[in-house]
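Notes for the one structure printed next.
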Amino acid sequence: MKFSKKSRYGLRALIDLSANSKHEQVALNSIAERNQISPQYLEQVFASLRKAGIVKSIKGSQGGYFLGRPAKEITVSSIIEALEGDYRLEGEESSEGSRCPGSAKAIQKLVIDQVNDQLEEILNSVTLYDLEKEFQEYTDYGQNMYYI
């Protein structure tokens with residue numbers, strides 16, 4: 001499985017939003033600039049996130065975006081589903097007239113179901129808060145380095 005550009009940009013932008021919207025909303029253009037993402041493309045991404053309730057917006061000259069709920073409650077799974085729909089591997093097609101229904105069931109049970117279970121477990125266990133915390137550690141580490 002490969003994350004699409006939309007999912008990658010969405011995750012980056014949400015980490016940025018989470019880190020920068022503690023006290024006020026954040027303009028989409030500033031998120032786009034910091035993450036080198038086209039503002040027009042990011043608007044499409046945020047439209048999906050807004051529809052899912054992950055972000056909220058305030059219109060107007062002082063407007064911007066903020067998280068729709070605490071970062072600890074937003075899982076990577078919910079973000080990917082908002083942007084892509086169902087992220088799980090498709091099931092093995094097994095028709096009654098198939099020559100090898102047993103092999104289709106074996107593939108489904110031992111490969112597809114297990115991959116989907118593990119993928120779901122991982123994506124449900126990682127939150128936007130976790131991503132932001134990891135981001136902040138990298139940012140803090142980079143700022144504390146001294147070069148001679």
Legend entry - CG-CG distance between Leu119 and Asn124, expressed to the nearest 0.5 angstrom: 9.0 Å
Legend entry - Side-chain heavy atoms of Val126 within contact of Glu134, under 4.5 Å: no
Legend entry - Residue that, paired with Ile54, satisfies side-chain contact (heavy atoms from CB on, under 4.5 Å) out of Leu49, Leu128, Leu17: Leu49
Legend entry - Flag side-chain contact, heavy atom, 4.5 Å: Phe46 against Val55: yes
Inset, instruction - Without swapping roles, check the side chain of Gln25 against the backbone of Gln62 for a donor-acceptor pair under 3.5 Å. - result: yes
Legend entry - Gln114 vs Leu110 side-chain heavy atoms within contact, under 4.5 Å: yes
Inset, instruction - Check whether more than 12 heavy atoms from other residues, nucleotides or ligands sit under 6.0 Å from atom NZ of Lys59, and answer yes or no. - result: no
Inset, instruction - For residues Leu131 and Phe135, determine if any side-chain heavy atom of one lies less than 4.5 Å from a side-chain heavy atom of the other. - result: no
Legend entry - Any Ser18 side-chain heavy atom under 4.5 Å of Leu67 side chain: yes
Inset, instruction - Give a yes or no answer on whether the side chain of Asn116 reaches the backbone of Asp113 with a donor-acceptor pair at less than 3.5 Å. - result: no
Legend entry - Pairing of Lys72 and Glu132 as salt bridge, 4.0 angstrom limit: no
Inset, instruction - Might you point out which heavy atoms bring Tyr65 and Ser21 nearest each other, and give the distance in Å? - result: O-CB, 4.4 Å
Legend entry - Minimum side-chain heavy-atom gap Arg50-Glu43 below 4.5 Å: yes
Inset, instruction - Output yes when a side-chain donor or acceptor of Ser78 lies under 3.5 Å from a complementary backbone atom of Ile74, and no otherwise. - result: no
Legend entry - Reported CG-to-CD1 distance for the pair Leu42 and Ile37, which is rounded to 0.5 angstrom: 5.0 Å
Legend entry - Side chain to side chain, Phe3 and Ile80, heavy atoms closer than 4.5 Å: yes
Inset, instruction - Kindly compute the distance separating CD (Glu81) from OG (Ser48), expressed to the nearest 0.5 Å. - result: 13.0 Å
Legend entry - Over 12 non-hydrogen atoms of neighbours within 6.0 angstrom of CD in Glu120: yes
